[in-house]
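The structure appears below as structure tokens.
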Amino acid sequence: MALVNEYFLRLSDNYLFSDIAKKVNAFKLTHPNERVISLGIGDVTQPLCPAVIKAMHEAVDEMATSAQFHGYGPEHGYDFLREAIVKNDYHSRGISISPNEVFINDGAKSDLGNIGDIVRWDNSVAITDPVYPVYIDSNAMIGRAGTCVDGKWSNIIYMPTTEENGFEPQLPEQRVDMIYLCYPNNPTGTVLTKTQLKKWVDYALKNDSLIFFDSAYEAYIHDEDIPHSIYEIRGAKRCAIEFRSYSKTAGFTGIRCGYTVIPKEVKASTLDGQKVELNHLWERRQATKFNGASYISQRGAAAIYSPEGKEQIKQTIDYYMGNAKLMRERLQQLGVIVYGGTNAPYLWVKTPRGLSSWKYFEELLYTSALVCTPGAGFGPSGEGYVRLTAFGKREDCLEAMERLKR
Ligand code: MLT
């Protein structure tokens, strides 16, 4: 009989958001008359903007003619999108990135989960805690995380980001091979300034570490001093891989498109000390395992860089940030301690009466038909918090706050 990858057996039975979905479905079955409001998974609710819709319609029309039909595209993405990214997301900020350092994908989650393919299975890994569960689960699947004891993986170095340290993770005391950072942060909604992020780049350069920088929420940054890209920090092109997504920027959670930047300078070492370009390894990996994001979604993504596209996605982002502001203010009026929500679409809310995250999740669901995400689901330091998303409809956010008040 074939042998199973036993590392999978070390994972919890369900992925966090699948677990929550099961619990919510059970509630809906037993409470058919309740209208459930979800402020749980960060899924967008506003439609695609007109510029994206138009570009996608045109792309579908092209596909309907043999002259303009597109079959397999380049697995690393079409040049029209890679060039638009480089020009608008990087050159506009004075960052020199070339189109061949950009890999288009079907959303950041896939690449964040798969990037571990190109580095050794026994590298050491540091993560901020609480954290987006994909980083840990994907490392656990190939044995890099070790075993999970009392909610902590034996080979993972946890860097708590908590109220006590102002949500700024401390640099690891030992040398680490791989570091995952997500800013603006999921789940806490907090940010790092350029000065704070520079410490991480300096650490990585000094220790020959790799930083995996997830900036899926950069479009929600409002304050000037908050970096949108890790490459705003000098030297980061030698040590960091950056992940971006159109899911939250342009409402692509159902369309699926994002990209990963791997500068040519980013290298890792063989056991005998030979330095290898990760850009080339990732290209090789993608050519084997990925056939590219669809032409239609890439045309849609490119449209957000047009003048009208930029303006339209900004309106939607402002709408969500309006939700974040009103929820934050109303929660504070109720005396609730809340973080995030000013440069990120997530609110990190302290549970009342010292309740555990899951207990408060159940309480909100069963007394108010509200869905949140329990902080403990993001890691040990998330205990005592829940996360609320600002991606809901305005009327639902208002109604949710009314229910909480009651
Ligand atoms: C979240 O709720 O944390 C995100 O929506 C999940 C994701 O982007 O995969």
Side-chain angles (χ1 to χ4, degrees), residues 11-12 14-24 36-46 105-116 127-139 141 161 167 180-191 212-220 242-260 293 297 301 316-317 320-321 323-324 327 339-341 343-349 357-358 361 364 370-379 381-382 385-393 396-397 400:
L11 294 166
S12 59
N14 292 307
Y15 180 61
L16 172 64
F17 292 107
S18 319
D19 207 15
I20 291 170
K22 277 191 176 174
K23 289 180 196 289
V24 174
V36 173
I37 296 180
S38 177
L39 302 177
I41 190 166
D43 197 3
V44 292
T45 52
Q46 294 305 296
N105 57 34
D106 61 355
K109 185 182 192 178
S110 313
D111 282 11
L112 281 161
N114 292 326
I115 196 74
I127 52 127
T128 54
D129 169 35
V131 79
Y132 181 41
V134 172
Y135 313 153
I136 294 201
D137 284 8
S138 59
N139 278 295
M141 285 173 182
T161 51
F167 296 95
Y180 287 83
L181 295 177
C182 172
Y183 286 97
N185 188 253
N186 179 12
T188 63
T190 56
V191 285
F212 298 130
F213 191 74
D214 179 354
S215 62
Y217 300 94
E218 62 78 31
Y220 290 81
E242 179 158 288
F243 302 84
R244 294 259 184 121
S245 167
Y246 297 110
S247 288
K248 315 297 158 68
T249 306
F252 273 45
T253 51
I255 301 286
R256 310 308 306 151
C257 194
Y259 65 88
T260 296
S297 30
T316 308
I317 289 166
Y320 291 134
M321 287 311 282
N323 287 346
M327 291 199 296
Y339 298 97
N343 288 290
Y346 293 126
L347 301 180
W348 191 236
V349 178
S357 309
W358 279 104
F361 166 86
L364 283 182
L370 289 181
V371 182
C372 63
T373 309
F378 295 103
S381 298
Y385 287 84
V386 295
R387 191 195 72 176
L388 298 183
T389 155
F391 290 123
K393 295 189 175 133
D396 282 350
C397 294

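Nothing fancy with the numbering, it's 1 onward along the sequence. All ligand and atom numbering here is 1-based and tracks the order in the structure.
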Measure centre to centre between the rings of Y346 and Y217, then say whether the value is under 6.0 Å. yes
Quick check, are the ring centers of F243 and Y180 under 6.0 angstrom apart? no
Please identify which atoms of ligand 1 are closer than 4.0 Å to at least one heavy atom of [X].
X	value
F17	1 (C), 2 (O), 3 (O)
G42	1 (C), 2 (O), 5 (O)
I41	2 (O), 5 (O)

Please write down residue, atom name and distance for the protein heavy atom closest to atom 8 (O) of ligand 1. K248 NZ, 3.2 Å
Is there a donor-acceptor pair under 3.5 Å between the side chain of N139 and the backbone N or O of I136? no
Please give me the minimum heavy-atom distance between N186 and C182, naming the atom from each residue. N-SG, 3.5 Å
Looking only at heavy atoms, what is the nearest atom pair of F167 and T161, with distance? CD2-O, 3.6 Å
With V371 as reference, evaluate I41, L388, V386, V36 under the side chain to side chain contact (heavy atoms under 4.5 Å, CB included) test and give the passing residue. V36
Between the candidates Y132, Y217, Y346, which shows the shortest non-hydrogen contact distance to atom 7 (C) of ligand 1? Y132
Counting both backbone and side chain atoms, is some N or O of N186 under 3.5 Å from an N or O of ligand 1? yes
Polar-atom distance check: K109 versus ligand 1, any N or O pair below 3.5 Å? no
